[in-house]
Structures are given as structure tokens and as C-alpha cells.
Amino acid sequence: MKLLTIIGARPQIIKASALSRAIRQQFADQITEVLVHTGQHYDENMSAVFFEELEIPQPDYNLQVGSGSHGQQTAKMIMGVEEILEKENPTYVVIFGDTNSTLAGAIAASKRHVPIVHIEAGLRSYNKRMPEEINRIVSDHVSTYLFTPTQAGTDNLKKEGFLLTNSPPYTIDRPGIFQVGDIMYDNSLYFSELAAQRTTILEKLNVQGGDYTLITIHRNANTDDSNRLNGIFRALQIITATYSVKLVLPLHPRTAKQMNALLEPELYQAIHTNPNIILIPPVSFLEMTTLEKNAQRIITDSGGVQKEAYFFKKPCLILRAETEWIEIVKEGAAILCDADPYRILGAYAHFETNPVIPFISLYGDGTAAYQIIDILLGEDGNKPTTNKF
Ligand code: UD1
Ligand code: UDP
């Protein structure tokens, strides 16, 4: 069986590491994986660092598309992937999540009638102004194997008319839907201990377990809108004035650029001279895991970081009006704050006095990659493994 796996953005490289690891560890004699990097993310700390640290094989192809408008970026990727498909003739194309790299893989593969495996299928924010929502909807509707991470993901597909009968043969018109849990949970479990052993990020930043809040911001709705970006940073400034806490912000390059362009000069100055606000470049996955595990709480607009907050039992403030990971909000472990300073401060105060319990299991058992491989091997005429993982 030959898998052609398409990655491009930071979270996809991280997710792909779980699948590649499972292939190398147990299925190397049955599966060949061809790795295609679209080049959507290209800075050393947004891409290369993850290959080294998570021991992912170097990509077989790098399309080096770089940044650009949605149309430019996606079009270049489709052209590149199409050529590779012709050459490699894979059994399946594997796509992850909801980025432009996901969409490009979905369009190129579906038009060449290569069955698509969509990992992290079925998620919806029900906000079609999000580029990711368009990418998800299109990708799901041209996939043959839809691996959902959560009950909400499975339910969303049902609402869109997907049949939930899991009997082969699966086709693009009658796809198989399998709820296998979240592949990111595989990684967080696998790397949790290693992160503590191999990183010195807490010492480097001079922070200690429980004395800081970890923050990430990168959603285009927040970084490209002056009101929202200023609102978020005003709230952060007030948090440091009100509570005895440090704020650690590994900045996505998009956010660093937009802070320079859009923050009001006084606020920019205040943020950059505030000794309790620690602005740093993006960190590696093991460093991020260490920062998450030791944070008092987490504030983010990232999809992945919201979930990792839950994996590590940290209360989370979500800087969005809605989320695809609705179950953590329903559990009371996360609060939707949008980019509203009042809501951010209200949620921050809420978690000061209301600890979250009990963090029930929502994302499977950390064997998503193995379950996916097992199902695909069974489909390809191989005997599925009898492992119970
Ligand atoms: C993309 C995904 C988003 C995902 C995020 C993960 C889309 C539409 N968006 O958003 O769903 O959550 O990745 O991080 O696919 N840049 C650099 N260096 C890099 C990469 C980006 O400087 O290595 C800067 C460029 O100015 C670029 C901007 O960041 O224009 C945005 O990058 P892009 O890949 O278009 O979108 P993200 O915001 O990263
Ligand atoms: N991450 C990282 N370093 C950072 C910020 C995030 O390794 O400086 C990891 C994080 O732990 C998670 C993933 O990147 O696994 C989330 O990616 P991102 O927030 O860029 O995108 P999203 O999940 O929102 O698509």
C-alpha cells in the first residue's frame, strides 16, 4: 500500500509525525509513505524544527510554494501535487485538518480519482468567513475515508447527509466514517515525558510551573483586524496589572508582523516594555508541550492549542466567537471570549476561583494513527492487524 501524505503548515507536520511514526514502528513492510511538503510554512521554527525533533523523515518532495494570497498559494499547490500524483500513483492520498495545503491535496487527488483519507474530518465552526471552514467542507465532501476525532465531528457529517453505515466498499460517493479519536492526542501522550526530559525552556524564560499563562494568537480574524488585535493586547496588559502572573507568548510570524503594523503606538510600547510579558519566537513542539504542561492556564485562538490545553488539564480562554472543539466549552474547561477585553478579563477571573474538574476523556485513547492504518490496510486487501493497541 502506498500513502501519499500532504503536509504544509506547522500543525500538519506535527500530526503527520504520529502517522509516520506508527508506519515506521509497525507497518514498514506493508506501507510505503511518500511525504509531500507544500512549503506553506517555511521558516526554520515553523517547519524544519519539527522534522528534526519529532524524527519525521525528510519530505520526498517540497513544492516550496511559500506565502501568498489564498488563490495563488492554493493554485501552486494543486499544480505541484497533481504532477506528483501522476508520477507516484499512490493507493491513497492522506490530508490533515483544514489548511490551504489540505484543500489543494483534496482538489488534486479527487480530480485524479485517488481515494482521499481525511484525518480530522467533520469539524465545523459554522462560520464560513473562516478560510479553514471552506477548506474543511470541500475536503470532507471529496474524501473516501473520513476519520473524525470527536463525536461532534461525526454528528456534523451526519447533519450534512453523510451516511453513517460503515460497510465497504467505500467510494467518494459513499465514504466510510470512522471515529478514531484525535491524532494530536497520540502525540501529546507520546511526547509528554520526553518533553520534560529534553527541554530547558522554563529555565531559559525564567518561569516556573504555575506562575505563567501561555498565549498563542495567529487566526487571521484576530491578526488582521486592528480593533480585535488591540482589544486582545489591551486585555493582556490589564491581566498583568491585576494579577501576579507572567504571560508567555510564542509569536506566530503573522502575529509578530501585524503587531508592528496594527497595535496602537502606546500599547505597542507598553507591551514591549512590560517585564511580565514575555514575547518569544515560535518554539519547538517539545518546548510547547513543556510550556503547556506547566502553564497555569492557556489563552489561544489555535485549534491545536485549545485541545492540548484540555489534554494537560489546563483551563482555556478561546479568543474566538465559536470553536470546532465545542466539547471543551460544554465541559466548562474552556470559555469563548471572542476578542472582547471584557469577556477575556471575565473568563480570566472565572478560572481564578473555579477550578475545572474532572476533564473527562473526549479525544479517544491516543491510538488514532494505529486505528487509521488498520482500517486502511484492511481495505487494501491486507489482513488487518489483531493488535488492540
Ligand atoms: C495557516 C492555516 C491555518 C493554521 C495555521 C497554523 C490556511 C488558510 N491557514 O495559517 O488554518 O491554523 O497555518 O499555523 O491554510 N509566515 C512566515 N513564515 C512562515 C509561514 C508564514 O513569515 O514560515 C507569515 C507570512 O507573512 C504569511 C503569514 O505568516 O503571509 C500567514 O501564513 P499562511 O500560511 O498563509 O497562514 P497562517 O496564518 O500560517
Ligand atoms: N506549536 C508549537 N510551537 C509554537 C506554537 C504552537 O509547536 O510556538 C504547536 C502546538 O503545540 C500545536 C500546534 O503547533 O501542536 C498548533 O498549531 P497552530 O496553533 O499553528 O495551528 P492550528 O492548530 O490552529 O491550526
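Whatever order the structure lists them in is the order used to number ligands and atoms, beginning at 1. Residue indices begin at 1 and follow the sequence shown.
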Would you please test Tyr370 and Val180 for side-chain contact (heavy atoms from CB on, under 4.5 Å) and show each step? CA-CA 9 Å; Tyr370 285 92; Val180 291; over 6 Å; no
Tell me which protein heavy atom sits closest to [atom], plus the residue, atom name and distance to 0.1 Å.
atom                    : answer
atom 8 (C) of ligand 1  : Asn100 OD1, 3.4 Å
atom 27 (C) of ligand 1 : Ser67 OG, 3.3 Å
atom 6 (C) of ligand 1  : Pro11 CD, 3.5 Å
atom 9 (C) of ligand 2  : Ile14 CD1, 3.6 Å
atom 35 (O) of ligand 1 : Gln73 NE2, 3.8 Å
atom 5 (C) of ligand 2  : Arg10 NH1, 3.2 Å
atom 10 (C) of ligand 2 : Glu308 OE1, 3.3 Å
atom 1 (N) of ligand 2  : Met288 CG, 3.7 Å
atom 39 (O) of ligand 1 : His41 NE2, 2.7 Å
atom 17 (O) of ligand 2 : Pro11 CB, 3.6 Å
atom 16 (C) of ligand 2 : Ser302 OG, 3.9 Å
atom 23 (O) of ligand 2 : Gly304 N, 2.8 Å
atom 5 (C) of ligand 1  : His218 NE2, 3.6 Å
atom 3 (N) of ligand 2  : Val283 O, 2.7 Å
atom 17 (C) of ligand 1 : Tyr42 OH, 3.3 Å

Considering the heavy atoms of [X], write down every atom of ligand 2 situated less than 4.0 Å from one of them.
X      : result
Ser284 : 7 (O)
Pro282 : 8 (O)
Phe50  : 7 (O)
Pro250 : 8 (O)
Glu292 : 11 (O)
Arg219 : 22 (P), 24 (O), 25 (O)
Met184 : 12 (C), 15 (O)

Can you classify the ring geometry of Tyr185 versus Phe311 as parallel (below 30°), tilted (30 to 60°) or perpendicular (above 60°)?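 Ring orientation, 0 to 90° scale: tilted.
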What class does the angle between the rings of Phe51 and His37 fall in, given that below 30° is parallel, 30 to 60° is tilted and above 60° is perpendicular?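 Phe51 and His37: parallel rings.
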If you draw a 6.0 Å radius around [atom1] in [X], do more than 12 non-hydrogen atoms from other residues or ligands fall strictly inside?
X      : atom1 : answer
Ile360 : CD1   : yes
Asn206 : CG    : no
Glu55  : CD    : no

Hey, what do you get for CD (Glu292) to SG (Cys316), rounding to the nearest 0.5 Å?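 Interatomic distance, Glu292 CD to Cys316 SG, rounded to 0.5 Å: 9.5 Å.
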Measure the shortest side-chain to side-chain distance between Leu247 and Ile278 over non-hydrogen atoms and say whether it is less than 4.5 angstrom.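 Side-chain contact under 4.5 Å: no.
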Any heavy-atom pair between the side chains of Ile215 and Val248 that's under 4.5 Å?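 No. Closest side-chain heavy atoms not under 4.5 Å.
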Does the separation of the ring centres of Phe285 and Phe50 fall below 6.0 angstrom?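 Here the rings of Phe50 and Phe285 have centres that are no less than 6.0 Å from each other.
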At a 4.0 Å threshold, what atoms of ligand 1 neighbour a non-hydrogen atom of [X]?
X      : answer
Arg219 : 11 (O), 12 (O)
His70  : 8 (C)
Met46  : 23 (O)

For a quick test of reading the model, state the closest non-hydrogen atom pair linking [X] to [Y] and the distance between them.
X      : Y      : value
Leu164 : Lys158 : CD1-CD, 3.2 Å
Leu291 : Val283 : CD1-CG2, 4.3 Å
His70  : Thr74  : O-OG1, 2.6 Å

When only distance counts, is [X] in polar contact with ligand 1, meaning an N/O pair under 3.5 Å?
X      : result
Glu132 : yes
Asp43  : yes
Gln40  : yes

Run the salt-bridge test on Glu132 and Arg219 with the 4.0 Å N-O cut-off and return the result as yes or no.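 Arg219 and Glu132: salt-bridged.
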Is the shortest distance from a Lys or Arg side-chain nitrogen in Lys307 or Asp182 to a carboxylate oxygen in the other one below 4.0 Å?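 Counted as a salt bridge, because a side-chain N and a carboxylate O are separated by less than 4.0 Å.
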Apply the test ring pair (Phe, Tyr, Trp, His ring centres under 6.0 Å) to residues Phe96 and His118: give CA-CA distance (whole Å), side-chain angles for both, the deciding distance (0.1 Å), then the verdict. CA-CA 6 Å; Phe96 294 91; His118 188 197; 8.8 Å; no
Using a 3.5 Å distance criterion without hydrogens, assess whether the side chain of Lys293 forms a donor-acceptor pair with backbone atoms of Ser192.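 Confirmed, Lys293 side chain pairs with Ser192 backbone.
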Ignoring hydrogens, just give me the one of Arg10, Arg254, Lys257 whose non-hydrogen atom is nearest atom 22 (O) of ligand 1.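 Considering heavy atoms of Arg10, Arg254, Lys257, the nearest to atom 22 (O) of ligand 1 sits in Lys257.
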Close approach, Glu287 and ligand 2, non-hydrogen under 4.0 angstrom: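 For ligand 2, residue contact (heavy atoms, under 4.0 Å) with Glu287 is absent.
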